[in-house]
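As structure tokens, the structure follows; a few thoughts come after it.
When a ligand or atom number is given, it counts from 1 through the structure's own listing order.
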Amino acid sequence: MAAAARAASAARSPLLVHHHRHRLPQVPSGGGGSLRVGGTGRGREEGRRRARVGVRVFARYSQAQDFSTRLQDRVGELPKLVEDLLQTSISTGPQGAFRIAQGIQAVLGVGGEWLNDLSKTANTSAGIPAQMQLGLLSPLYLRRLFERMGATYIKLGQFIASAPTLFPAEYVEEFQNCFDRAPAVPYDVIQSILCEELQRPLDSIYEYIDPVPIASASIAQVHAARLKSSQKDVVIKVLKPGIEDTLVADLNFIYVIARVLEFLNPELQRTSLVGIVKDIKESMLEEVDFRKEAANIQAFQGYIDAMGFDRQAKAPFVYQHCSTKHVLTMERLYGVPLTDLDSIRSLVPDPELTLVTALNVWFGSLISCESFHADVHAGNLWLLRDGRIGFIDFGIVGRISPKTWAAMEVFLASFATEDYDAMASALSEMGATGNDINIDEFAKDLRKIFSSIQDLDTEIIVATARGPDATAVSANVVLDERQMNALFLDLVRVSESYGLKFPREFALLMKQLLYFDRYTRLLAPSMNMLRDERINISTNRQPRRTDRFQ
Ligand SMILES: Nc1ncnc2c1ncn2[C@@H]1O[C@H](COP(=O)(O)OP(=O)(O)OP(=O)(O)O)[C@@H](O)[C@H]1O
């Protein structure tokens with residue numbers, strides 16, 4: 001029987017490779033005798049039942065043995081792990097314990113919501129709905145938990161939403177809704193942060209500061225102000241108090257979890273979990289360093305000037321003398337979002353040219369600027385009162401490698417000409433993992449996905465044309481964004497089913513293109529953004545005057 005059990009168990013579990021080294025456990029045998037598989041009638045049945053029990057017990061035992069063997073193999077790495085964890089907890093300080101307490105509170109809060117929702121479904125015959133089955137790990141409840149946990153997790157949620165190549169589609173979709181609005185910090189607190197950061201009396205720098213913020217998100221709060229010296233209108237972006245410590249404590253906590261998980265399960269090293277966490281940590285800490293944002297703004301303005309785009313576009317001027325790591329004072333831009341068609345019509349005679357300009361400036365930055373603006377949602381891309389395009393919020397920027405951009409260009413050209421074979425080849429090039437890909441089949445699947453675009457956007461245009469009222473317009477815009485995201489997720493899902501794995505920069509780029517696609521449907525419905533000869537996507541572009549666009 002032992003041999004039979006071992007053979008049966010080995011066939012099921014790949015973990016049993018080492019089992020010849022271990023003694024078999026004592027299997028409970030009921031009547032005291034040894035297990036028998038053979039025999040007749042009830043006896044044979046009983047024998048089989050016991051054998052099954054034996055196999056299960058054996059498999060569990062084997063897994064435990066296997067686990068401990070793997071741990072033993074890694075004992076040598078233990079000192080490094082302990083040292084790493086110690087250093088991390090020292091750099092976290094007492095804030096760590098405070099955040100754990102807040103975390104428990106958040107888990108209890110969302111746990112209560114889950115139980116409440118669960119009790120509502122208890123009277124129905126359908127059982128627990130699929131979206132609740134994973135408890136607090138279900139996308140909806142995890143998103144709510146992240147929102148309660150504040151800045152780090154909201155940013156993490158936004159990272160998940162922008163990385164369909166790394167996370168499951170349900171989570172990517174749900175985290176699109178990650179709400180980044182937070183209660184405003186009282187003005188007297190903001191005032192004391194400003195005094196401390198700028199090291200001078202505020203009335204020597206600013207003529208006035210509006211105590212009511214223009215915006216308050218999880219990380220920063222923005223106030224309108226006027227400079228004393230030049231009487232220029234500015235905005236002051238202030239990092240909220242305690243945000244950096246919270247971020248460090250949270251990211252250290254996430255790092256510790258990732259490090260321990262990887263120690264316990266070396267398989268995870270292949271998914272480079274710790275590497276991903278390190279990258280997230282780095283990019284988040286960059287976002288709270290406004291000197292980086294200031295540098296991004298200045299690099300972008302430098303690119304605008306160098307390319308002769310200064311009459312078409314601008315980024316806000318940064319006032320260095322009243323900016324620090326945690327305070328960013330910049331020129332106040334006045335304008336309307338690119339989705340506000342009525343206001344745009346009142347500012348420029350031809351909204352289509354506005355869009356052409358925005359596209360040329362942005363596409364040009366992909367190759368001619370050290371980084372590109374990677375968050376061109378309508379709140380960050382404005383038509384200014386003087387007819388120029390204003391780019392704001394350079395907290396998230398991307399950098400694209402020449403290899404990805406080369407494949408991306410072929411991808412965009414094939415998209416414009418609806419050449420799905422070329423698109424399949426370009427995507428295979430970009431996400432290549434060495435697998436053989438059936439390009440014909442892949443191309444057919446891509447055609448199916450992209451043929452849905454046309455229907456989806458017509459709705460938006462009709463709704464906008466008929467509804468002069470702004471709320472109707474924006475309601476449609478939200479719907480549009482979700483559909484576009486779904487489309488992109490489809491693209492990633494189908495590509496992955498062919499074994500492709502895209503770099504994150506591809507997802508970042510696609511997301512921006514989907515925003516631009518939306519603006520195109522709204523501002524220039526008859527224009528094909530990828531085929532229009534006024535729009536220069538190619539890397540062979542030469543710097544030139546672009547006055548003809550406006
Ligand atoms: N230079 C500027 N001129 C005018 N308004 C500005 C300027 N910069 C920021 N704002 C206003 O402040 C808001 C928030 O600024 P910003 O986007 O930089 O902060 P954020 O915390 O990254 O916000 P979000 O996450 O919503 O993008 C903007 O949506 C805009 O209304």
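- Heavy-atom contacts of Val222 reach the following atoms of ligand 1: 12 (O), 14 (C), 15 (O) (cutoff under 4.0 Å).
- The aromatic rings of Phe372 and Trp362 sit perpendicular, their planes meeting at an angle over 60°, well past the 30° parallel limit.
- Residue contact check: Ala217 has heavy atoms under 4.0 Å from atoms 21 (O) of ligand 1.
- Taking the centre and axis of the six-membered ring of Phe175, the NZ or CZ atom of Arg143 falls outside the cone set by 45° and 6.0 Å.
- By the 4.5 Å heavy-atom criterion applied to side chains, Met408 and Glu505 are not counted as neighbours.
- In terms of protein heavy-atom proximity, atom 18 (O) of ligand 1 is closest to Lys237 NZ, 2.8 Å.
- With hydrogens left out, the protein atom closest to atom 29 (O) of ligand 1 is Gly379 O, 4.1 Å, a heavy atom.
- Of the possible donor and acceptor atoms, none in the side chain of His326 sits under 3.5 Å from a partner among the backbone N and O of Lys237.
- Contact annotation for Trp382 and ligand 1: only side-chain heavy atoms (C-beta onward) come within less than 4.0 Å of the ligand.
- Residue contacts with ligand 1: Ile219 is excluded, as none of its non-hydrogen atoms falls under 4.0 Å.
- With a 4.5 Å cut-off on side-chain heavy atoms, Leu328 and Val235 do not count as touching.
- Interface of Asn380 with ligand 1, defined as ligand atoms under 4.0 Å from a residue heavy atom, comprises 17 (O).
- Residue-ligand proximity, Ala215 to ligand 1, at heavy-atom distances under 4.0 Å covers atoms 12 (O), 13 (C), 14 (C).
- Cation-pi check for Lys278 over Tyr255 is not met; the charged atom does not lie both under 6.0 angstrom from the ring centroid and within 45 degrees of its normal.
- Nearest non-hydrogen protein atom to atom 7 (C) of ligand 1 is Val235 CG2, 3.6 Å.
- Closest to atom 11 (C) of ligand 1, if we only count protein heavy atoms, is Ile214 CG2, 4.0 Å.
- Asp393 OD2, 2.7 Å is the protein heavy atom nearest to atom 27 (O) of ligand 1.
- Counted by atom type alone, Gln298 and Gln320 present one or more donor-acceptor pairs between their side chains at under 3.5 Å.
- Using modelled atom types, one side-chain atom of Gln301 and one backbone atom of Ala315 make a donor-acceptor pair closer than 3.5 Å.
- Between the side chain of Lys240 and the backbone N or O of Val185, no donor-acceptor pair lies under 3.5 Å.
- The single protein non-hydrogen atom nearest to atom 4 (C) of ligand 1 is Leu333 O, 3.3 Å, given as residue, atom name and distance.
- Contacts of Glu331 with ligand 1, taken as heavy-atom pairs under 4.0 Å, involve the backbone alone.
- Distance from atom 28 (C) of ligand 1 to its nearest protein heavy atom, with residue and atom name: Ile392 CD1, 3.9 Å.
- Here Asp375 has no heavy atoms under 4.0 Å from ligand 1, in either its backbone or its side chain.
- Listed by number with element, the atoms of ligand 1 under 4.0 angstrom from any heavy atom of Pro316 are 1 (N).
- Under a 3.5 Å cut-off, the side chain of Ser323 and the backbone N or O of Thr329 do form a donor-acceptor pair.
- Note that the CD1 atom of Ile205 and the OG atom of Ser229 stand 9.5 Å from one another [nearest 0.5 Å].
- Nearest to atom 8 (N) of ligand 1 among the protein's heavy atoms is Met330 CE, 3.7 Å.
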